[in-house]
Amino acid sequence: IGASRCQTGGVWIWGTLMAAIGTVMVLGAATRSDVVVYRVLRARAAVLWKDRADTFLLISGCILIVVGGLWATGVIWS
């Protein structure tokens, strides 16, 4: 019991981190922010998505929030 608890005890940390990154992406894309972290993400996305980089980051950020929330609660990958 102790070993399995140690292996799954930190799952909520990774799920929460994933959801937090998704939140940064969504808020940055929705406001077209000039924050350095978002500018770096947008520059990387703009290579492939050109003028639709903000839309791409908005949609992928929403997906990260949902998947991160499911992971943090142990619904998936537990």
Side-chain angles (χ1 to χ4, degrees):
I1 294 175
S4 64
R5 190 161 214 224
C6 288
Q7 291 173 354
T8 60
V11 169
W12 67 272
I13 294 172
W14 296 110
T16 304
L17 182 63
M18 181 184 257
I21 292 169
T23 302
V24 168
M25 290 169 64
V26 167
L27 291 177
T31 61
R32 301 199 181 216
S33 178
D34 284 332
V35 176
V36 175
V37 174
Y38 181 73
R39 283 192 321 201
V40 169
L41 286 171
R42 190 188 188 294
R44 301 275 303 177
V47 171
L48 182 62
W49 292 92
K50 311 266 189 269
D51 58 341
R52 294 179 300 217
D54 290 311
T55 305
F56 167 74
L57 290 170
L58 183 70
I59 293 169
S60 58
C62 290
I63 292 169
L64 279 179
I65 291 171
V66 171
V67 172
L70 291 173
W71 191 10
T73 57
V75 174
I76 58 174
W77 301 322
S78 56

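- Using bins of under 30°, 30° to 60° and over 60° for the plane-to-plane angle, the ring pair W77/W71 lands in the perpendicular bin.
- Taking every heavy atom of both residues into account, V26 and G61 meet most closely at CG2-C, 3.5 Å.
- Each of L58, L57, D54 was scored for a side chain to side chain contact (heavy atoms under 4.5 Å, CB included) with M25, with one residue passing: L57.
- Under the 4.5 Å side-chain contact rule for hydrophobic residues, V75 and W14 share a cluster.
- With rounding to the nearest 0.5 angstrom, the CD1 atom of I21 is 7.5 Å from the CG atom of L64.
- The cluster map of Ile, Leu, Val, Met, Phe, Trp and Tyr, joined by side-chain heavy atoms under 4.5 Å apart, puts L48 and I59 in the same cluster.
- Hydrophobic clustering, with ILVMFWY side chains joined whenever heavy atoms are under 4.5 angstrom apart, groups I63 together with L17.
- Heavy-atom minimum distance, F56 versus A45: CD2-CB, 4.0 Å.
- Transitive grouping of hydrophobic side chains (ILVMFWY, heavy atoms separated by less than 4.5 Å) keeps V66 and L27 in distinct clusters.
- Between V24 and V37 the shortest heavy-atom distance is CG1-CG1, 4.3 Å.
- Across all non-hydrogen atoms, the minimal contact from K50 to R42 is O-NH2, 4.2 Å.
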